[in-house]
Participant: 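Take this structure, written in structure tokens, and hold onto it; I'll ask about it next.
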2 protein chains.
Amino acid sequence: MRKEASRATGRPTLAEVAQLAGVSQITASRALRDIPTVDPVLASKVREASKALGYVPNPAARMLASARSQSVVVLVPALSNQLFIETLEAIHNVLRPRGYDVLIGNFHYSREEEEELIRNYLAIQPCGILLTGFDRTDASRRLLEANKIRRVHMMELTNAEDVFSVGFSQEDAGAVVARHLLARGRRRLAYVAAQLDARVIRRGEGFKRALAEAGVDALELAVPDPSSVGLGGELFDRLLRQHPDVDGIFFCNDDLAHGAIFEAQRQGIPVPGRVAFVGFNDLPMSAHIVPRLTSIHTPREDVGKHAAHLMLALLAGAEIRERTIDLGFELVVRESS
Amino acid sequence: MRKEASRATGRPTLAEVAQLAGVSQITASRALRDIPTVDPVLASKVREASKALGYVPNPAARMLASARSQSVVVLVPALSNQLFIETLEAIHNVLRPRGYDVLIGNFHYSREEEEELIRNYLAIQPCGILLTGFDRTDASRRLLEANKIRRVHMMELTNAEDVFSVGFSQEDAGAVVARHLLARGRRRLAYVAAQLDARVIRRGEGFKRALAEAGVDALELAVPDPSSVGLGGELFDRLLRQHPDVDGIFFCNDDLAHGAIFEAQRQGIPVPGRVAFVGFNDLPMSAHIVPRLTSIHTPREDVGKHAAHLMLALLAGAEIRERTIDLGFELVVRESS
DNA sequence: CTTCGTTAAGACAGCGCTACCTTACGAGGA
DNA sequence: TCCTCGTAAGGTAGCGCTGTCTTAACGAAG
């Protein structure tokens, strides 16, 4: 009955694996980490011993010894938005099997809250961080720089040096919507937006720029409130009172568009007869709502997948040629336009 | 230039806090953990020193020394379901400020996948686990028992000994829907369900039991496929072909009901004129869809909040009187019935 | 035959914290 | 007055792993 037994976890340790394999502890450690300076014969012995004992490395010990955790932080502006769920899930699916813990932080579209999360999560020394977009406080930026933590930005793109980003062009998506509505013969066009984050604003800019290029004025109704189905109905109603002649609306997301469709239905306003609707994100419901909603389908799942793989490459110290991964988007034309 | 400096993290350590406070390291440790055997004067000195240095405990070291992590695992059957997002967020909001990491596992409604997650997550020695319902593999059960990990079950209730649960009665909810439709004069009633997990089945049982008590037969259309808006439309269409006289449908969730509403609209079937719809969960959209959907509002946010607090109490070693927390539910009657 | 460089394996010493045991000290009873 | 006892503080020894340095082994070059 050894004294130290009282504190041990009872799980097999690296020392036991090493003993069983007949090598030193450090050799076992290297073998299990696939460090190439280990003789292949010894390495396979170690792996066998590890399997035989059902050895699982203790992440705390590993983290303490190496000063590096095995966790990756993902910060998203919302969980209530289906969009980010799919991205998160894809990230999980890539990183979990590689042994990384994925820590999710929701900053509720608040830069201050994001800063707080960054501060808190840096304390646990994550080995990488996946961020949404580029819009954050200076303090956040400094924290990230000072900690030299590996990071990948999602949803938006940049060509800046040493910055890795995976996403698509929000401006271009807005412009595509504008050109689509113009092609449909609509001339009295509006951008209706809520939850004015950087991406929503960029979409609107792309939309308005494309209209301007065609010599068409753009109406705009943008409120900072959180986006919701109910708000979509309200905003549509308000826009219609101000500009009864509007004949095409680009909503910054599908939720608003859904709400507007319901409101139009209640008011007996034909869609697309009197006014065409285009949403953004292409949520599952958009393919079924009456009328089916035209929307920009965004590659949110692929964004997560590629961002996670990029992070893995960074963590492996690989040489990255493509700092920017543009996954594009797709305009899905349906009944509403 | 001390040799050990090369491996240190550079962050202030407990030893430095102790030195600044003029106490031993272990006293500082106890003071910061609010262990009552520390003199209040010393304790406040330690807290001051800690603040002055910007000390943040190293979770890895703490975990290694105490063989206990500061992380709580939450296993949910889906992230695509808004329902669980709200629960997760509430859990986060309670546990994060207390210094716990919340690790999310999504088992995609698969008992096998849940078992795998339990196995993997137990390796990192979480200090607690929050589970959805009671339906799991025997191996999962054994793993949980063998590891003696503190756990709280969510969404369903049980009176079993030593089992903590937070939720509401799925059966009762189903029964309430049945009585509501009966009170509306409907007699040809059906339960339409997908993604047949234990809770969906219980809801249906409550529904059918209440109908049986009223001497009314229940129709049923249940498929194991994942639930979706599109499937709701399909199932409604199929049910209507088989039983054109159906005049009231209870859908196992709002998504199916939404899809059915769209399908009814396409087919020109008046709701609730010809057939009344009732959903489950009361998603935000249900208050806006045309017609507005009658639904059971479930306390998913409160489930998360209470489950997290219960876990905190368990972790603190508190004496728990109420093993079962019934948060109830609410029938929200709207236009569709 | 010696020297050197190179590579593989091991020894060692922590990483930062907490469990456990010991010591110091004052209060209270004999 | 002495001795026990309870309490608060400290000393010590790891928790399980990996970074760094050292050694051993071996072949090539001089």
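Computed from heavy atoms alone, side chains included, the values below leave out hydrogens, waters and symmetry copies. Since we're looking at a predicted model, the values are computed, not measured. Below, chains carry the letters A, B, ... as their sequence lines are ordered, and counting in each starts from 1.
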Participant: Closer than 3.5 angstrom, by distance alone: can the side chain of A:Thr132 be matched with the main-chain N or O of A:Met154 as a donor-acceptor pair?
Facilitator: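 It does not hold such a pair.
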
Participant: Side-chain N or O of A:Thr37 versus OP1/OP2 of C:dT7: is the shortest distance under 4.0 Å?
Facilitator: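 Answer is no, no contact under 4.0 Å.
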
Participant: What nucleic acid atoms does B:Arg33 come within less than 4.0 Å of, heavy atoms only: base, sugar-phosphate, or nothing?
Facilitator: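 B:Arg33: backbone/sugar contact only, no base atoms under 4.0 Å.
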
Participant: Is there a donor N/O on one and an acceptor N/O on the other, under 3.5 Å, for the side chain of A:Arg11 and the base of D:dG16?
Facilitator: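 Not at all, since no donor on one side and acceptor on the other fall under 3.5 Å apart.
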
Participant: For A:Arg323 and A:Asn159, indicate whether the former's side chain and the latter's backbone hold a donor-acceptor pair under 3.5 Å.
Facilitator: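 Confirmed, A:Arg323 side chain pairs with A:Asn159 backbone.
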
Participant: Tabulated below should be each protein N or O lying under 3.5 Å from an N or O of nucleotides 22-26 of chain C; please produce it.
Facilitator:
none

Participant: Among C:dC17, D:dT18, D:dG11, which nucleotide sits nearest the side chain of B:Ile26?
Facilitator: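 For the B:Ile26 side chain, the nearest candidate turns out to be D:dG11.
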
Participant: Are side-chain N/O atoms of A:His108 and B:Glu89 paired as donor and acceptor at under 3.5 Å?
Facilitator: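 Looking only at side-chain atoms, B:Glu89 and A:His108 do form a donor-acceptor pair, the distance falling under 3.5 Å.
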
Participant: Which nucleotide sits closest to the side chain of A:Leu64: C:dT18, D:dC17, D:dG16?
Facilitator: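 From the listed options, D:dG16 comes nearest.
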
Participant: Any chance you could measure A:Ser165, atom OG, to A:Met155, atom CE, to the nearest 0.5 Å?
Facilitator: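 Going from the OG atom of A:Ser165 to the CE atom of A:Met155 covers 12.0 Å.
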
Participant: Tell me the interatomic distance from B:Gln70, atom CD, to C:dT18, atom C1', rounded to whole angstroms.
Facilitator: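 It is 12 Å, rounded to the nearest whole Å.
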
Participant: What orientation do A:Phe84 and A:Tyr109 show, parallel under 30°, tilted 30 to 60°, or perpendicular over 60°?
Facilitator: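 Rings of A:Phe84 and A:Tyr109: perpendicular, as their planes differ by over 60°.
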
Participant: If you check every side-chain atom of A:Ser24, which of D:dT18, C:dG10, C:dA19 has the closest atom?
Facilitator: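 Shortest atom-to-atom distance from the side chain points to C:dG10.
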
Participant: If the test is side-chain hydrogen bond (donor to acceptor under 3.5 Å, both in side chains), which one of A:Glu115, A:Arg111, A:Arg142 qualifies with A:Thr137?
Facilitator: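 Of all the options given, the one that passes is A:Glu115.
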
Participant: Between D:dG19 and A:Arg30, counting only base atoms on the nucleotide and side-chain atoms on the residue, is there a donor-acceptor pair under 3.5 Å?
Facilitator: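 Check fails, no donor-acceptor contact within cut-off.
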
Participant: Could you state the interatomic distance from CD (B:Glu114) to CG (B:Leu131), rounded to the nearest 0.5 Å?
Facilitator: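 Spacing of CD (B:Glu114) from CG (B:Leu131) equals 6.0 Å.
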
Participant: Would you please confirm or rule out a distance under 4.0 Å between OP1 or OP2 of D:dA9 and any side-chain N or O of B:Thr27?
Facilitator: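 Checking B:Thr27 against D:dA9: no side-chain N or O falls below 4.0 Å of OP1 or OP2.
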
Participant: Please check if the side chain of B:His92 supplies one atom and the backbone of A:Asn106 the other of a donor-acceptor pair under 3.5 Å.
Facilitator: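 The answer is no, because no donor-acceptor pair under 3.5 Å joins these two groups.
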
Participant: Of the options C:dG16, C:dG10, D:dC17, whose atoms approach the side-chain atoms of B:Ala65 most closely?
Facilitator: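 The listed nucleotide nearest to B:Ala65's side chain is C:dG16.
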
Participant: Rounded to whole angstrom units, what separation is found between the CZ atom of B:Arg62 and the C1' atom of D:dG14?
Facilitator: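 Going from B:Arg62 (CZ) to D:dG14 (C1'), I get 18 Å.
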
Participant: Starting from C1' on D:dT18, measure out to CG on A:Asp34 and report it in whole angstrom.
Facilitator: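 A:Asp34 atom CG is separated from D:dT18 atom C1' by 15 Å.
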
Participant: So, for B:Phe134 and B:His153, is the gap between ring centers shorter than 6.0 Å?
Facilitator: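 Yes, they do, as the ring centres are separated by less than 6.0 Å.
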
Participant: Can you tell me the distance, in whole Å, between the CG atom of B:Leu14 and the P atom of C:dC15?
Facilitator: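 Roughly 13 Å, once rounded to whole Å.
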
Participant: Near DNA chain C, which residues from residues 41-58 of chain B have a heavy atom under 4.0 Å away?
Facilitator: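 Going residue by residue through residues 41-58 of chain B, the ones with a heavy atom under 4.0 Å of DNA chain C turn out to be B:Tyr55, B:Pro57, B:Asn58.
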
Participant: With DNA chain D as reference, determine whether B:Ala61 or B:Gly22 sits nearer its 5' end, using the nearest nucleotide of each.
Facilitator: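 Final value for this comparison: B:Gly22.
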
Participant: Starting at the 5' end of DNA chain D and moving along, which residue's nearest nucleotide shows up first, B:Val23 or A:Ile35?
Facilitator: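 So the residue in question is B:Val23.
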
Participant: Measuring from the side chain of A:Asp39 (C-beta onward, heavy atoms only), which nucleotide among D:dT18, C:dA9, D:dG10 has the closest atom?
Facilitator: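 Output: C:dA9.
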
Participant: Taking the six-membered ring of B:Tyr55 as reference, does the cationic atom of B:Arg47 (NZ for Lys, CZ for Arg) lie under 6.0 Å from its centre and within 45° of its axis?
Facilitator: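 No.
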
Participant: Between atom CD in A:Gln25 and atom P in D:dG14, what is the gap in whole Å?
Facilitator: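 About 15 Å, once rounded to whole Å.
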
